[in-house]
Structure formats: structure tokens, C-alpha cells
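Below: one structure, written as C-alpha cells.
Quick caveat: nothing in here was measured; it's all calculated off a predicted structure.
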Amino acid sequence: MELETATAFTPWASLGGGVLIGLSAVMVMGLFGRIAGITGITNGLIGAALPVPGTPADRDWRLAFLAGLILAPFGVMIAGGSVAQTVPSNLPGMAIAGLLVGAGTALGSGCTSGHGVCGLARLSTRSAVAVATFMAAGVVTVFVLRHVIGGGF
């Protein structure tokens, strides 16, 4: 499978997605007093499933949030929309990328959604640094993969 070289311009879909992400972040903060970071939500869900002392017991909303993330594209398709997704077939590359994202998330004490959506909205300096760092890492990664190494990723 081949990577697309450009992302289609979809202003209404992008606006709708942004509104839903912001709404979900506000709801998680308002209803549960938590930051809507996917890493933290997933970590709390795993912690709630394991008998680890000190892990949160609020498993239900975390499970519903993650289920919504997974099922939302199917809802879009049922409503008549399309969900275009291109996934590279380079499994080792995807595994390495996943490990690097996980390491970066652990080092940054949060992921893009937590820092980028919620942290920046709260004017957090730590989140601003984290967002600048992962944006720079993303730019460098794309440059190296597309212009130094080339194609295969």
C-alpha cells in the first residue's frame, strides 16, 4: 500500500472533528474533573483492570470514551460519510513508530491530545513545550522518511 503525499482539504469535516474533540475534552473535565488525554485515559483503564494499588476506579467513563474513539468512524459511515484512511504496509516501521510514540508520551508525561488540546487550552507551559517538541519531532521524522530514506515508510 502506498502513502498519500497530500492530505485532502476537508474544512467542514475538520471543523466538525475539532468541535467534537473540544466538546469531549470539556465534558471529561466538567463531568469527571479529568484531562482528556488518550494516554492517561488508557493508562487509567489498564490500571483499573489490574490489581495495582492506587489506580483509579473510574473505569466506565474511560471505557466509553475509548469505545467512542473506535466506533466513531463506523458512525460516520452509517450516516453516509466516508472515512479515508491510508495505512502503510511496513509493519516493522509501524512497530518502531509506535514504540517511539510511546516513549515520547512517557517522557512528556502525556500525549498530543492531553497536551495539545487540554494543556494548551489551560495555558500550561509544560504542554506548550511538549507540543513544540512533538511538532518538531514530527517535522524531522517526515523529512527524514520522505527525503533522506525515501519511499518505503
Side-chain angles (χ1 to χ4, degrees), residues 1-29 32 34-50 52 55-56 61-77 81-153:
M1 197 172 283
E2 187 174 307
L3 280 175
E4 293 182 22
T5 56
T7 302
F9 182 62
T10 57
W12 292 112
S14 301
L15 178 64
V19 167
L20 290 175
I21 289 170
L23 182 62
S24 67
V26 168
M27 287 179 63
V28 169
M29 178 62 79
F32 308 110
R34 308 292 269 179
I35 299 293
I38 305 307
T39 306
I41 291 171
T42 304
N43 195 21
L45 186 61
I46 292 170
L50 299 174
V52 178
T55 56
W61 73 265
R62 295 171 187 271
L63 193 58
F65 194 95
L66 292 178
L69 285 177
I70 294 167
L71 297 176
F74 298 106
V76 170
M77 288 189 289
S82 65
V83 179
Q85 183 70 41
T86 302
V87 178
S89 61
N90 184 338
L91 206 52
M94 289 177 61
I96 292 169
L99 289 173
L100 290 173
V101 168
T105 299
L107 287 171
S109 299
C111 60
T112 54
S113 56
H115 283 301
V117 175
C118 299
L120 291 181
R122 297 177 334 142
L123 304 177
S124 165
T125 303
R126 183 177 79 155
S127 291
V129 171
V131 169
T133 302
F134 63 65
M135 291 297 288
V139 168
V140 169
T141 300
V142 169
F143 179 80
V144 168
L145 290 179
R146 292 208 173 172
H147 302 291
V148 176
I149 296 174
F153 284 89

Of all the heavy-atom pairs spanning Gly44 and Arg62, show the shortest one and how long it is. CA-NH1, 3.4 Å
Residues in side chain to side chain contact (heavy atoms under 4.5 Å, CB included) with Val142, at least two apart? Arg146
Residues 103-146 vs ring-ring contact (aromatic ring centres under 6.0 Å, His included), sequence neighbours excluded, gives Phe143-His147
Under the side-chain hydrogen bond (donor to acceptor under 3.5 Å, both in side chains) test, which residues partner Thr42, sequence neighbours left out? none
Supply the atom-to-atom distance Ile38 CD1 to Leu45 CG, rounded to the nearest 0.5 angstrom. 11.5 Å
Cys118 versus Ala36, closest heavy-atom pair with distance: SG-N, 3.6 Å
Shortest non-hydrogen pair, Cys111 vs Thr39, comes out as CB-OG1, 2.9 Å
Table please: side-chain donor-acceptor pairs of residues 91-106 below 3.5 Å, with sequence neighbours left out.
{"unit_1": "Thr105", "atom_1": "OG1", "unit_2": "Val101", "atom_2": "O", "d": "2.8"}

Partner set under side chain to side chain contact (heavy atoms under 4.5 Å, CB included) for Met29, not counting sequence neighbours: Ile35, Arg122
Could you pull out every donor-acceptor pair under 3.5 Å between side chains of residues 10-23 and any protein atom, sequence neighbours left out?
{"unit_1": "Thr10", "atom_1": "OG1", "unit_2": "Ser14", "atom_2": "OG", "d": "3.2"}
{"unit_1": "Ser14", "atom_1": "OG", "unit_2": "Thr10", "atom_2": "O", "d": "2.7"}

Which residues pass the side chain to side chain contact (heavy atoms under 4.5 Å, CB included) test with Val83, sequence neighbours left out? Pro73, Val76, Met77
Would you list the atom pairs, donor with acceptor, under 3.5 Å between side chains in residues 63-70 and any protein atom, with sequence neighbours excluded?
none

